[in-house]
Peer 1: 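If you scroll down you'll find the structure; I have some questions about it.
From a predicted model like this one, the values you see are computed outputs, not experimental measurements. Lettering follows sequence order; numbering is per chain, from 1.
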Amino acid sequence: MIHSPVTASRVSRRGLLGGAAAISAALLTGCGPGGDPAASSAGQPRRGGRLRAAFAGGGVNETLDPHQANLFNEASRAKAMFDKLADYGPDVSIQPRLAERWEPNRDLTRWRITLRPATFHDGKPVRAADVLYSYARITDPKRAFRAKASLELLDLPNSRAVDDRTLELALKRPFAEFPNALAAFGAYIVPEGADSFERPVGSGPFTFDSWQPGRSLLLTRYDGYWEGGAHLDELEYLISNEESARVNALLAGQVDYAHDITPTTARTHADGGRMTVIRMPNSTMQSFAMKVDRPPFDNRDLREAMFLLTDRQQLVDTVLAGAGQVGNDLFGKGYQYYADDIAQRTRDLDRARFLIDKADAKGLRITLDTASVASGFVEAASVFAEQAKQAGLVIETAMGNKDTYWRDILDSGVLASYRSGAMPIETHISQRLLTNSTTNATRWARPEFDALYAKAVASADDATRRQAYGDMQRTLHAEGGFLIWGFADFLVATAPGVGGVSANAPANTLDWARFDKVWLG
Amino acid sequence: MNLPRYAAGRLLLGLGQVAGITTIVFVLTEALPGDAAVVIAGDHPDPARIAAIRAQLDLDRPAWQRYLDWLADLIRGDLGVSLISQRPIVDRLADSAGATLLLAAVTLLVLIPLAIALGMLAARREGGRLDRVVSAVSVALYAVPEFALAILLIAVFGVRLGWLPPTAFGADLLTQPSVLVLPLLVLLARPICTISRLTRAGMLDALRGEYVSHARRLGITGSRLWLRHALPGALAPIVQQLARTTDWLLGGVIVVEAVFVIPGLGTALVDAVSTRDIPTVQALCVLVAVTTVVVNLAADLVAFRLAPRTGAVR
């Protein structure tokens with residue numbers, strides 16, 4: 001539910017025109033005085049103005065239904081116009097939003113939630129009934145919203161509104177991490193009865209003004225926002241799936257903010273003074289998923305050999321052009337409950353060769369499934385194949401269909417390129433690493449691991465949970481199926497006068513692609 | 001053959017072509033791996049969710065049933081509802097069609113007089129300096145792929161010099177015509193070469209021909225000879241070529257739309273295919289097929305009128 005949103009179909013066109021930004025950059029060098037460093041020119045927060053933000057998007061058939069949000073721009077628009085009860089902070093821990101506080105009963109099956117005083121754009125207060133309606137809409141069995149799986153443990157018939165600002169949510173089983181579900185991707189609160197979103201009414205910092213599907217969406221500041229009004233008067237979302245177009249428009253002053261730029265663009269324009277690049281570290285987990293239920297990776301020695309033959313720094317330097325950090329085969333670097341006490345794994349070719357011999361796998365041919373479904377996938381696959389060759393494995397990359405890639409690698413193949421956006425470590429585990437997980441791409445299924453997870457989420461004690469998450473991560477680090485070699489920075493670029501864009505915001509967290517704290521200098 | 005009968009025959013043929021094209025496109029889109037449900041599920045391919053989306057979108061019914069329903073709606077003039085937006089397709093495509101139409105119209109308005117004038121100028125003195133310059137420049141332009149030319153123009157005039165907006169981001173094409181200049185240059189580059197070369201060759205042929213020689217013997221000279229007697233004979237192949245160009249422009253030139261951020265029909269088609277939004281793909285194909293049939297029919301009729309003697313109708 002909280003994966004990095006899908007950008008599947010966009011990459012090939014970016015590839016087609018990949019040289020564009022580079023040529024612009026080449027012509028820009030020697031462009032005279034470099035201008036002031038952008039950071040200083042933004043200055044103090046200033047009220048007013050229209051910020052034009054360029055995003056990739058879904059075309060004329062896009063939707064403003066926040067429960068259907070999937071792409072980057074849909075996620076950003078949803079958070080501009082709507083709120084969730086809770087959201088992810090910079091370390092992906094849960095921050096209260098529309099919910100002022102929450103309190104579980106002793107056995108963690110009933111949660112009493114107090115809403116803060118907030119109003120929708122039509123002036124009506126946000127009430128418990130709106131929350132119940134929103135969650136009922138998301139979990140409607142006849143529909144297929146993204147947040148449905150996260151809220152599936154809700155027992156709505158037994159939930160109730162105590163008064164307008166208090167509600168009691170009943171769960172089907174004890175769950176200590178229920179606030180994670182309140183913050184799930186797409187779990188927005190809409191007014192009771194809302195089902196058409198051609199002119200959305202939410203409680204977020206911006207109100208709807210006008211919309212041309214596939215082109216632009218104009219929003220205006222909502223002065224009644226519970227967290228204080230935004231700095232900007234207006235916010236305009238503009239759509240282009242071509243990264244070079246977003247960058248060129250920014251360079252020419254046609255837009256003030258370009259979302260999702262490549263490391264190459266960032267590096268080329270870093271010192272030019274015509275744009276400011278904001279790097280959001282720990283945004284995208286980069287990995288290879290080994291299926292542990294079938295040969296050859298049902299062999300633990302071979303998995304460890306794969307971990308050891310990987311030159312992580314080389315992958316970060318080449319594939320991510322340096323815009324990232326090495327990974328330690330664990331999800332969620334920098335996030336709450338991340339086991340940073342486990343030593344960083346480094347390349348050890350001798351031990352890798354020894355383990356490959358022990359597994360009787362010298363010269364083994366292994367197919368690595370990949371596709372141009374996310375930037376860097378194909379490059380990472382070819383660099384990794386080179387590294388594996390040095391340890392005596394023959395990795396052959398197979399290009400898959402980018403539109404259906406994620407479904408295809410779920411069941412078939414043995415090794416696949418994989419990535420993920422930010423989400424709580426608990427969510428990563430429950431979606432991907434339990435016997436009954438629905439998107440278990442490594443086929444990791446261990447009863448004792450499931451038990452450890454069950455113990456963690458049934459405990460109200462933070463120390464017990466931390467201990468259990470630590471133990472699970474130690475197991476995964478030693479013998480799991482995810483070879484997590486790095487974490488990519490998420491990159492956005494702004495015009496020099498723009499301030500207030502937070503860098504401390506991994507993709508999918510609250511402050512990422514958020515504009516109510518942004519100002520035009 | 002008389003004109004109305006010819007036109008009626010061509011229209012019937014056109015209807016058949018449109019029906020054939022939509023069937024082929026439906027079959028091909030069905031044959032693509034994955035359906036809209038898988039694409040919508042994206043990087044969270046929870047099988048239960050995919051099944052739910054499939055049920056919600058009616059994708060669990062047999063393909064032939066969905067095709068027949070679609071066809072029945074089409075006959076009633078209904079292009080259907082997008083799988084992605086759940087909204088009538090016509091509403092959402094109107095803006096895209098408007099952008100494409102505007103760009104095509106402006107391109108043709110500049111192209112036709114300019115290319116024909118250039119061709120005639122070149123033909124004035126075959127092998128002369130002007131002829132050689134026009135030929136060299138137009139062939140060179142022809143050799144540059146659209147996207148390369150687009151990227152170069154944006155880099156130089158849009159970003160480096162800042163003379164023209166590099167993209168049409170958020171611009172209203174009618175009130176800010178400056179955003180159309182660079183896309184227009186890219187769209188003109190190739191057709192200007194083909195049309196001017198055709199004009200030149202046609203003029204040279206016509207001037208050598210019996211018909212013009214006769215006019216000369218009657219004492220007709222100068223611009224009157226060129227415009228009234230030589231040019232009509234040269235126009236038939238030009239009209240055919242213009243039909244092809246118009247067709248190409250009305251289909252939405254994807255590369256130009258993408259680089260300059262003009263969300264027209266080409267962009268809509270790419271998005272629809274990548275999201276497996278079959279009703280939208282189908283609607284676009286009907287639109288493009290009808291355009292092609294109509295444009296070519298119009299061109300044939302014009303050519304028929306221009307040069308009925310030559311039999312250049314086909």
Peer 1: Pick one of side chain, backbone, both or neither for Leu93(B), based on which atoms fall under 4.5 Å of a heavy atom in chain A.
Peer 2: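 The side chain, not the backbone.
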
Peer 1: Using only non-hydrogen atoms and a strict under-4.5 angstrom cutoff, which residues of residues 162-172 of chain B touch chain A?
Peer 2: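 Near chain A, by residue number: Pro165(B), Pro166(B), Thr167(B), Phe169(B), Gly170(B).
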
Peer 1: Would Arg92(B) and Glu198(A) pass as an ion pair if we require N to O under 4.0 Å?
Peer 2: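 Salt bridge: yes.
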
Peer 1: Determine whether a donor-acceptor pair (N or O, by modelled atom type, separation under 3.5 Å) exists between the side chain of Arg215(A) and the backbone of Asp95(B).
Peer 2: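 Yes, because the side chain of Arg215(A) sits within donor-acceptor range (under 3.5 Å) of the backbone of Asp95(B).
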
Peer 1: Asp277(B) versus chain A, heavy atoms under 4.5 Å apart: side chain, backbone, both or neither?
Peer 2: side chain

Peer 1: Between Leu410(A) and chain B, which part of the residue has a heavy atom less than 4.5 Å away: side chain, backbone, both or neither?
Peer 2: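 Only the side chain of Leu410(A) comes within 4.5 Å of chain B.
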
Peer 1: Please walk me through it: do Glu242(A) and Val261(B) pass side chain to side chain contact (heavy atoms under 4.5 Å, CB included)?
Peer 2: CA-CA 8 Å; Glu242(A) 207 57 64; Val261(B) 197; 5.9 Å; no

Peer 1: Could you walk me through whether Gln86(B) and Ser196(A) pass the side chain to side chain contact (heavy atoms under 4.5 Å, CB included) test, one step at a time?
Peer 2: CA-CA 11 Å; Gln86(B) 299 289 314; Ser196(A) 164; over 6 Å; no

Peer 1: If we ignore hydrogens and angles and just use 3.5 Å, is the side chain of Arg407(A) paired with the main-chain N or O of Val38(B) as donor and acceptor?
Peer 2: no

Peer 1: Taking all non-hydrogen atoms of both residues, which atom of Arg276(B) and which atom of Asp403(A) are closest, and how far apart?
Peer 2: NH1-OD2, 2.9 Å

Peer 1: Among residues at least two apart in sequence or on other chains, which ones pass side-chain hydrogen bond (donor to acceptor under 3.5 Å, both in side chains) with Asp408(A)?
Peer 2: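 Applying side-chain hydrogen bond (donor to acceptor under 3.5 Å, both in side chains) to Asp408(A) gives Thr404(A).
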
Peer 1: How about Asp271(B) and Asn241(A): do any of their side-chain heavy atoms sit closer than 4.5 Å?
Peer 2: yes

Peer 1: I want to check something: taking the side chain as every heavy atom from C-beta on, are His44(B) and Thr439(A) in contact at a cut-off of under 4.5 Å?
Peer 2: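 Counting from C-beta outward, His44(B) and Thr439(A) do come under 4.5 Å.
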
Peer 1: Heavy-atom cut-off 4.5 Å, strictly under: side chain, backbone, both or neither for Phe145(A) against chain B?
Peer 2: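 Backbone of Phe145(A) only, per the 4.5 Å heavy-atom cut-off to chain B.
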
Peer 1: Is the shortest side-chain heavy-atom distance between Pro263(B) and Ile239(A) below 4.5 Å?
Peer 2: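 They are not in side-chain contact.
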
Peer 1: Return the set of residues passing side-chain hydrogen bond (donor to acceptor under 3.5 Å, both in side chains) with Trp211(A) (not counting sequence neighbours), or none when no residue passes.
Peer 2: Glu62(A)

Peer 1: Among Val255(A), Thr63(A), Asn401(A), Leu218(A), which residue forms the greatest number of heavy-atom pairs with chain B at distances under 4.5 Å?
Peer 2: Asn401(A)

Peer 1: Sub-4.5 Å heavy-atom contacts with chain A: which residues of residues 71-84 of chain B show up?
Peer 2: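 Result: Ser82(B), Ile84(B).
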
Peer 1: Does the salt bridge (charged side-chain N to carboxylate O under 4.0 Å, His left out) test come out yes or no for Asp43(B) and Arg146(A), once each step is laid out?
Peer 2: CA-CA 11 Å; Asp43(B) 62 355; Arg146(A) 191 165 178 142; 3.2 Å; yes

Peer 1: Do other residues, nucleotides or ligands put more than 12 heavy atoms under 6.0 Å from Tyr67(B) OH?
Peer 2: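 Yes.
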
Peer 1: I'd like to know if Asp46(B) pairs up with Lys148(A) as an ion pair, taking the criterion as any Lys NZ or Arg NE/NH1/NH2 lying under 4.0 Å from an Asp or Glu carboxylate oxygen.
Peer 2: no

Peer 1: Please identify, among Ala249(A), Ala252(A), Ala441(A), Ala144(A), the residue contributing the most non-hydrogen atom pairs under 4.5 Å to chain B.
Peer 2: Ala144(A)

Peer 1: Has Arg199(A) got more than 12 heavy atoms of other residues, nucleotides or ligands less than 6.0 Å from its CZ?
Peer 2: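 No, the 6.0 Å shell around CZ holds no more than 12 heavy atoms from other groups.
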
